[in-house]
Amino acid sequence: QVPENILGALFHITKKYHQIALNQAESKWQRSVSDTLAGKTLGIFGLGAIGQQVAMKASALEMRVIGTKRTPEKVAGVDKVYGFDDTDKVLSQSDYVVVLLPVTPLTENLLNAKRLAKMKPNAWLINFARGAIIIDDDLIAAVKTKTIAGAVLDVFRTEPLPSDHPFWKTPGIWVLPHIGGYHPDRDSWVAELLSDNIKRHLDGQPLREVVDRARGY
């Protein structure tokens, strides 16, 4: 579900359906030209399971995909895989930057004013990971000063996002109510995983989907 919602964010940025819906409410006919995704560069921070699915879907849309991975290695649909230390190289090349990193001491506050300034002025930031990866005030300043074009945010440091938070009313920042991972079958999948892991634990077998406490995810 997360990769599909990320594609939805990309279409929300580039297509004019939101404005068209507003125009319809006023019976207003106004044609417009949408931006294309084909030929643009998508940067993905965190080429794990979700990031790899995003990469395959984006490459099918004829986007050039680059990204970072803790252990750089070939990934299907990705033109170039960088290590974490090459974050700035991904920022400088990307038209859209998708954040899919966990929060660890290494990634907290990663996207600050200095790094946001590495992005293209027409680039968009899309965060479906954790709010603590971005410094809120730095992002607001970057959007207001046109350092970057804008941002689509699905995660925040405090949720629900407080009604007085400036994200709500900053032009160029789209606020989503943390919808990225919700799926109509989510509860049944979680229950199946829990049940299976209880059986595995009782039988002395390795558990599925184990968190590495040293890495923090």
Side-chain angles (χ1 to χ4, degrees), residues 1-18 33-103 106-107 110-112 114-131 133-134 138-139 142-143 146-156 172-176 178-181 183 217:
Q1 189 77 330
V2 177
E4 290 189 9
N5 277 314
I6 290 172
L7 290 183
L10 288 168
F11 284 121
H12 186 64
I13 293 167
T14 55
K15 310 307 174 186
K16 309 296 182 180
Y17 293 118
H18 173 72
V33 179
S34 296
D35 291 331
T36 61
L37 290 173
K40 299 293 176 62
T41 297
L42 177 68
I44 302 174
F45 287 143
L47 285 167
I50 294 175
Q52 291 177 33
Q53 288 293 320
V54 174
M56 288 192 291
K57 295 177 188 300
S59 63
L61 294 173
E62 300 178 54
M63 298 188 77
R64 173 179 177 258
V65 182
I66 60 177
T68 62
K69 199 172 188 298
R70 185 176 180 127
T71 304
E73 57 190 3
K74 186 174 179 59
V75 174
V78 180
D79 184 74
K80 175 69 175 178
V81 179
Y82 293 91
F84 184 80
D85 291 342
D86 287 324
T87 292
D88 289 354
K89 292 182 180 179
V90 176
L91 287 170
S92 65
Q93 297 179 63
S94 301
D95 298 296
Y96 307 95
V97 175
V98 174
V99 183
L100 292 171
L101 296 168
V103 172
L106 193 63
T107 64
L110 174 70
L111 295 176
N112 54 24
K114 183 178 179 180
R115 283 211 164 89
L116 291 169
K118 301 289 185 181
M119 294 174 64
K120 299 178 181 180
N122 64 338
W124 281 75
L125 181 67
I126 301 171
N127 189 11
F128 274 75
R130 293 290 182 266
I133 294 171
I134 299 171
D138 289 359
L139 175 59
V143 173
K146 306 298 182 183
T147 300
I148 67 173
V152 178
L153 307 175
D154 189 50
V155 288
F156 307 91
I173 293 181
W174 295 91
V175 173
L176 306 181
H178 203 149
I179 60 172
H183 190 284
Y217 60 93

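Given the structure is predicted, the values throughout are model-derived calculations rather than measurements. In what follows, every heavy atom counts, from backbone to side chain, and hydrogens, waters and symmetry copies are set aside.
Residues satisfying the side-chain contact (heavy atoms from CB on, under 4.5 Å) criterion with Ser92, sequence neighbours excluded, are absent altogether. For Pro72, the side-chain contact (heavy atoms from CB on, under 4.5 Å) partners at least two apart in sequence or on another chain are Val81. Residues satisfying the side-chain hydrogen bond (donor to acceptor under 3.5 Å, both in side chains) test with His18, not counting sequence neighbours, are none. Under the side-chain contact (heavy atoms from CB on, under 4.5 Å) criterion, His183 pairs with Gln1, Asp185, Arg186, Trp189, not counting sequence neighbours. Every salt bridge (Lys or Arg N to Asp or Glu O under 4.0 Å) that Lys89 has, sequence neighbours left out, goes to Asp86. A search for side-chain contact (heavy atoms from CB on, under 4.5 Å) contacts involving Asn112 returns Lys114, Arg115, Ile135, Asp138, not counting sequence neighbours. In terms of the side-chain hydrogen bond (donor to acceptor under 3.5 Å, both in side chains) criterion, Asn5 has no residue partners (sequence neighbours excluded).
Here the closest non-hydrogen pair linking Gly181 and Val2 is CA-CG2, 3.6 Å.
Looking only at side-chain heavy atoms (C-beta outward), Leu106 and Phe84 come within less than 4.5 Å of each other. Counting only heavy atoms from C-beta outward, the side chains of Val152 and Asp154 never approach each other to under 4.5 Å. The side-chain heavy atoms of Ile133 and Val103, taken from C-beta on, include a pair separated by under 4.5 Å. Leu125 has its side chain out of reach of Tyr96: every pair of non-hydrogen atoms, C-beta onward, lies at least 4.5 Å apart. Looking at heavy atoms from C-beta onward, Ile13 lies out of side-chain contact with Trp174 at the 4.5 angstrom threshold. Ser34 is not listed as a side-chain neighbour of Thr14, based on a closest heavy-atom distance of 4.5 Å or more. Counting heavy atoms from C-beta on, the side chains of Ser94 and Leu42 never come closer than 4.5 Å. Side-chain contact between Phe156 and Val175 is present, with heavy atoms from C-beta onward closer than 4.5 Å.
Summarising the geometry, atom CG belonging to Leu100 is positioned 8.5 Å from atom CG belonging to Leu47; distances are rounded to the nearest 0.5 Å. Residue Ile44 holds its CD1 atom at 10.5 Å from CD of Gln53, rounded to the nearest 0.5 Å.
The stretch residues 40-60 participates, sequence neighbours left out, in no salt bridge (Lys or Arg N to Asp or Glu O under 4.0 Å) pair at all. Sorted by first then second residue, the side chain to side chain donor-acceptor pair (under 3.5 Å) pairs that include residues 117-130, not counting sequence neighbours, are Asp95-Lys120. Screening residues 66-77 for side chain to side chain donor-acceptor pair (under 3.5 Å) gives Lys69-Glu73 as the qualifying pairs, with residues at least two apart or on separate chains.
The one candidate from Leu153, Leu110, Val155 that meets the side-chain contact (heavy atoms from CB on, under 4.5 Å) condition with Ile134 is Leu153. Each of Val97, Leu111, Val90, Asp88 was evaluated against Met119; a single residue qualifies, Val97, per the side-chain contact (heavy atoms from CB on, under 4.5 Å) test.
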Practice task
For side-chain contact (heavy atoms from CB on, under 4.5 Å), just list the numbers for Phe128 and Leu176, CA-CA rounded to whole Å, side-chain angles, deciding distance to a tenth of an Å, and then say yes or no.
Solution key: CA-CA 10 Å; Phe128 274 75; Leu176 306 181; 3.8 Å; yes
Donor-acceptor pairs under 3.5 angstrom involving side-chain atoms of residues 58-67: please list them, not counting sequence neighbours.
from	atom 1	to	atom 2	distance (Å)
Ser59	OG	Ala55	O	3.1
Ser59	OG	Met56	O	2.9
Arg64	NH1	Thr41	OG1	3.3
Arg64	NH1	Gln93	OE1	3.4
Arg64	NH2	Gln93	OE1	2.9

